[in-house]
Amino acid sequence: MDVAVFSTKEYDKTFLNEANKRYEHDLTFFKPHLDTETVILASGFSAVCAFVNDQLDRPVLQRLAEQGTRLVALRCAGFNNVDLIAAREMSVTVVRVPAYSPHAVAEHTVALILALNRKIHRAFARVREGNFALDGLMGFDLFEKTVGIVGTGQIGAVVARIMNGFGCRLLGYDVRENPECLHLGVQYVSLPELLAESDIVTLHCPLTPQTHHLINDKALRQMKAGAMLINTSRGAVVDTKAVIRALKSGHLGSLGLDVYEEEADCFFEDLSNKVIQDDVLARLLTFPNVIITGHQAFFTKEAMERIADTTLSNISEFEATGTCRNVVPSPS
Ligand code: NAI
């Protein structure tokens, strides 16, 4: 199929071109995000390949359909950026990569936990300045601490397995229980209970209307004083301004983010020569007990290979059958 690939970075090109030797689609790479201004670039392409911060709202989908696009192939797992009702009305099929490497995201989550706890980010900078003092670098043993996992699907389950290895007590909150997590000893509780009992709260649920700002002022107040919060799911699961208030008061002990509500304006770009215009992000960057990474949890070689392969295989399956096993169902 003719495929317009949006939000392309060099690494996307490398992995998609390599995988495409097996699929032979006609890929055209565009650097900009997909939105109302750039949708014209997709004119005449029967498929569009999009990423996490591409805007697939009603006006963009309508324009895509008018221009002849029949398939949106997301090269990611989350689909919160797509208006699925509009897509169905426009007869545009949406497919995704439901599982490429839960290990990539889970291992990055644990990297944030370890780095924040043992203050590796501060130790690294200190030692390079010739400062070998330990004041301010004290952490805590993970052994026997309580980890609360919100969303115990594929990624949450791998986090549970790893943290089980550290000897942690595991609590879970989800709309359905995962037998693998139950087998690991995860105890399912209500969200307030999980927040009240956990030393570390880590978020692995999708962004939906139900989970938007799930972690708000009230939820933060319910957390243990000094607890750690980790978000590698989607930015808007957390109310960032509420989190800043909790950090300033000292109630929230530390914060690790790989995703941010307003990340579309800055993540994935080199802004090191510019002044950051987002005051909320700029404030977050000033805290010594906050580590932010720019949506890189998925970014391993293995994950990139699987993302490229599944994306192109989804397109081939749609081309051959008019449907695909990885279709994102429309909400009823
Ligand atoms: P999954 O679908 O296997 O698991 C999600 C879990 O969340 C399910 O068990 C589901 O029942 C649960 N859930 C749904 N609504 C809920 C609610 N209202 N409250 C509590 N739990 C709820 O998805 P997977 O693969 O584990 O991914 C989780 C999320 O991680 C994705 O939706 C995506 O947003 C994010 N992600 C982030 C990446 C990154 O690079 N930072 C990469 C890949 C995914």
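Just follow the structure's listing: the first ligand is 1, and inside any ligand the first atom is 1. The structure presented is a predicted model; accordingly, all values stated were derived computationally and were not measured.
Scanning the protein for heavy atoms near atom 40 (O) of ligand 1, the closest one is Phe298 N, 3.1 Å. In terms of protein heavy atoms, atom 5 (C) of ligand 1 is closest to His204 O, 3.6 Å. For atom 35 (C) of ligand 1, the closest non-hydrogen atom on the protein side is Ser233 O, 3.5 Å. Nearest protein heavy-atom contact of atom 10 (C) of ligand 1 is Asp174 OD1, 3.4 Å. For atom 3 (O) of ligand 1, the nearest protein heavy atom (residue, atom name, distance) is Gln154 N, 2.9 Å. Counting only heavy atoms of the protein, atom 17 (C) of ligand 1 lies nearest to Thr211 CG2, 3.6 Å. Residue, atom and distance of the protein heavy atom nearest to atom 7 (O) of ligand 1 are Pro206 CD, 3.3 Å. At the shortest separation from atom 4 (O) of ligand 1 among protein heavy atoms lies Gly153 CA, 3.2 Å.
For Phe29 and Phe6, the ring centers sit 6.0 Å or farther from each other.
Only the side chain of Tyr100 comes within 4.0 Å of ligand 1, counting heavy atoms alone; its backbone N, CA, C and O stay farther away. If you look at Asp258 next to ligand 1, the close heavy atoms, those under 4.0 Å, all belong to the side chain.
Residue contacts with ligand 1 do not include Thr208, since none of its heavy atoms lies under 4.0 Å from the ligand.
The Val105 neighbourhood of ligand 1 comprises atoms 38 (C), 42 (C), 43 (C), with distances under 4.0 Å to a heavy atom of that residue. Atom numbering of ligand 1 starts at 1 in the shown order; those under 4.0 Å from a heavy atom of Tyr173 are 19 (N), 20 (C). Taking a cut-off of under 4.0 Å to the non-hydrogen atoms of His295, the atoms of ligand 1 that pass are 39 (C), 40 (O), 41 (N).
Summarising the contacts of atom 33 (C) of ligand 1 with His108, Arg176, Arg234, the nearest heavy atom is found in Arg234. Atom 38 (C) of ligand 1 has its nearest heavy-atom neighbour, among Thr293, Thr232, Thr300, in Thr232.
Both the sub-6.0 Å distance and the 45° axial angle are not jointly satisfied by Arg126 relative to the ring of Phe124.
Taking a 6.0 Å sphere around NE2 of His121, one finds it holds more than 12 heavy atoms contributed by other residues, nucleotides or ligands. Other residues, nucleotides and ligands contribute only 12 or fewer heavy atoms inside 6.0 Å of the NZ atom of Lys241. Heavy atoms of other residues, nucleotides or ligands lying less than 6.0 angstrom from CD of Glu37 number 12 at most. No more than 12 heavy atoms of other residues, nucleotides or ligands sit less than 6.0 Å from atom CZ of Arg118.
For Glu144, there are no side chain to side chain donor-acceptor pair (under 3.5 Å) partners at least two apart in sequence or on another chain. Ala104 pairs by the side-chain contact (heavy atoms from CB on, under 4.5 Å) definition with Ser101, Thr300, Ala303, not counting sequence neighbours.
Here the side chain of Arg306 pairs a donor or acceptor atom with the backbone of Tyr100 at under 3.5 angstrom.
Scanning all heavy atoms of the two residues, the minimum distance from Leu194 to Gly172 falls at CD1-C, 3.7 Å.
Here CE of Met228 is found 9.5 Å from CG of Asn289. Values are rounded to the nearest 0.5 Å.
Geometrically, ligand 1 and Ile155 share a nitrogen or oxygen pair separated by less than 3.5 Å.
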